[in-house]
Structure formats: structure tokens, C-alpha cells
Amino acid sequence: MSVSFANLETLVSFPEGDFRKLFPNIGFPETIETHHVEDLGFAVVERDPEPSLSAGETLKPGALRVEDGRVFQAWEVVPMPGEYWKDMIAARRYQAEISGTTIDGIPIDTGRDSQGLITGAAVQAIIDPAYSLHWKTEAGFVDLTAQQIIGVASAVRTFVQASFDREAVLLGAVADGSITAEMLEEGWPMHPE
């Protein structure tokens, strides 16, 4: 982390390079410490410990304060810009979307490949109402009739759409400034344990 120096009277701070330019005739050592600059009315700025952050937050240097002749800089927690939230929300939606669901006691993969296979099977079931198949699940193969295939496809579509619906709600919260880190983990359709 770069070193900076603060004027003890005005609390204006300068990065080390700028500080050295202010006093070009002084032969500072490679590492400048407060005792090297206190006669000039300056002190090395010490930083407070960084606070912990939640999703969607970042730090920026805060106000300077003097305590016992030492200068400390606080940290200010600031929300990340909307673009950051949009990326975080999209990633969280994708995680929810592909997490899988259970339909009539059958664990169903909702990953993108599986969604395509289910849609294809549903189209075939619509074309041929007598169609049936052996569907592979995490628990093994299950036999599904055309009506069951259509039901699974419909339930998966509802599950996936609920993920996108939650994303839309959260993007609305970004737009109106009400988004919080906690909201990022709430309201998603979840795979039953």
C-alpha cells in the first residue's frame, strides 16, 4: 500500500511522490517515517483496519483525524455501482436456474443441457401422445409417459422462469437504489434438500 503524508494543521494529504516533490531539497531516506517529517508539520498517515464488507460494497479512503500527534485515516464503505450489481445478480440467477428441482419426487437437473433435452422430449410427447421414455435422474432411470414428460417440462420451465423473475425484481431494486446484499440470497427458487 502506498504511503501518504498529511499536514498536521490542514489535514491535507499527499502521496509519497508528491510529498517528495514538495520538499526536493531534503534528503529523505528510502522509507520515510513520521519522525523524519514532524518538524515540517507533517505525519505519515496511518490507516484504520479495513472493515468487513458485504456483497456489493467496496472501500474508499475516508476522513483524516489526529490523535496524539498521529494522523489516522478511516475507511468509508460505499456501495458498488449498478453494473457490479447486474453482474452479481445475473451470476446468482444462473446458479439458482441450474440448481435442479424435484418434481413428483423425481430429482430433475435444470442445467442448460437438461433444459434442452426436456424441451425436445416434450415436443415429441406433444407430437406423439403415446410416446414414453426412460429419463435418467440423479436417483437413476424413471419411466415417463407423454403426459408426465409434458408435466416435467412445464414444471422445469416454471422453475427456470422463477429464477429470471427474481432477477428482474432485483434489477428493479438496483434501479431504485434499494438493493442490499441480503436480497441477493433471498427469494430464489431452490432445489429441495
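Numbering of residues begins at 1 and proceeds along the displayed sequence.
A continuous path of hydrophobic side-chain contacts links Ile26 to Phe14 [ILVMFWY only; heavy atoms under 4.5 Å]. In the hydrophobic clustering of ILVMFWY residues, with side-chain heavy atoms under 4.5 Å counting as a link, Phe42 and Ile32 come out together. Note on Ile150: it does not cluster hydrophobically with Ile118, by side-chain heavy-atom contacts below 4.5 Å among ILVMFWY residues. Follow the hydrophobic side-chain contacts under 4.5 Å out from Leu170 and you reach Met88 in the same cluster. Hydrophobic cluster membership differs between Leu8 and Leu22, with clusters built from Ile, Leu, Val, Met, Phe, Trp and Tyr side chains linked at under 4.5 angstrom.
Looking at His36 and Pro29, their side chains come closer than 4.5 Å, going by heavy atoms from C-beta outward. Within the 4.5 Å cutoff, the side chain of Val174 has heavy atoms near those of the Ile89 side chain. Annotation: side chain of Ser132 is not in contact with side chain of Asp143 (no heavy-atom distance under 4.5 Å). Contact annotation: the side chain of Thr31 never approaches that of Val3 to less than 4.5 Å [non-hydrogen atoms, C-beta and beyond].
Side chain of Trp75 to main chain of Asp48: a donor-acceptor pair is present (N/O by atom type, distance under 3.5 Å, no hydrogens or angles). With Gln115 contributing its side chain and Val156 its backbone, the two residues share no donor-acceptor pair below 3.5 Å. Judged purely by atom type and a 3.5 angstrom limit, Thr158 uses its side chain to pair as donor or acceptor with the backbone of Ser154. A donor-acceptor contact shorter than 3.5 Å links the side chain of Thr145 to the backbone of Gln148. Of the possible polar contacts, none joining the Ser114 side chain to the Thr110 backbone as a donor-acceptor pair under 3.5 Å is found.
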>> Pair Arg47, Phe72 - check side chain to side chain contact (heavy atoms under 4.5 Å, CB included), show working.
In response: CA-CA 5 Å; Arg47 289 177 175 79; Phe72 293 90; over 6 Å; no
>> One pair to check against side chain to side chain contact (heavy atoms under 4.5 Å, CB included): Ser13 and Leu64. What are the steps and the verdict?
In response: CA-CA 9 Å; Ser13 67; Leu64 297 176; 3.9 Å; yes
>> side chain to side chain contact (heavy atoms under 4.5 Å, CB included) for Glu46 and Gln73? Distances and angles first, verdict last.
In response: CA-CA 6 Å; Glu46 301 176 54; Gln73 184 164 43; over 6 Å; no
> What do the steps show when you test Glu186 against Arg166 for side chain to side chain contact (heavy atoms under 4.5 Å, CB included), and what is the final call?
Replying inline: CA-CA 9 Å; Glu186 300 169 347; Arg166 180 63 182 158; 4.0 Å; yes
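Atom OG1 of Thr102 is separated from atom CD of Glu138 by 8.0 Å, given to the nearest 0.5 angstrom. Annotation: the span from Ile149 atom CD1 to Tyr131 atom OH amounts to 5.5 Å, rounded to 0.5 Å. Rounding to the nearest 0.5 Å gives a distance of 8.0 Å between CZ of Arg112 and CD1 of Ile98. Atom CG in Leu59 sits 4.5 Å away from atom CG in Leu53 (nearest 0.5 Å). Within the model, atoms CG of Asn7 and CG of Leu40 stand 10.0 Å from one another, a figure rounded to the nearest 0.5 Å.
Other residues, nucleotides and ligands contribute only 12 or fewer heavy atoms inside 6.0 Å of the CG atom of Asp104. For CG of Asp128, the number of neighbouring non-hydrogen atoms (other residues, nucleotides, ligands) closer than 6.0 Å is greater than 12. Within 6.0 Å of CD in Glu9 there are 12 or fewer heavy atoms belonging to other residues, nucleotides or ligands. The environment of His134 atom NE2 is sparse: at most 12 non-hydrogen atoms of other residues, nucleotides or ligands sit within 6.0 angstrom.
Aromatic pair Phe19/Phe5: centroids less than 6.0 angstrom apart.
Closest of all the heavy-atom pairs between Ala155 and Ile103 is CB-CD1, 3.4 Å. Here the closest non-hydrogen pair linking Ala43 and Val71 is CB-CG2, 3.8 Å. Nearest approach of Gly111 to Asp109, heavy atoms of both residues: N-OD1, 2.7 Å. The nearest pair of heavy atoms linking Ala162 to Pro189 is CB-CG, 3.9 Å. Ala121 and Trp135 make their closest contact through CB-CZ3, 4.2 Å (heavy atoms, listed as atom of the first residue, atom of the second, distance). Heavy atoms only, all atoms of each residue included: Ala153 and Ala122 are closest at CB-CB, 3.5 Å.
Here Arg93 pairs with Glu97, Glu167 under the side chain to side chain donor-acceptor pair (under 3.5 Å) rule; sequence neighbours left out.
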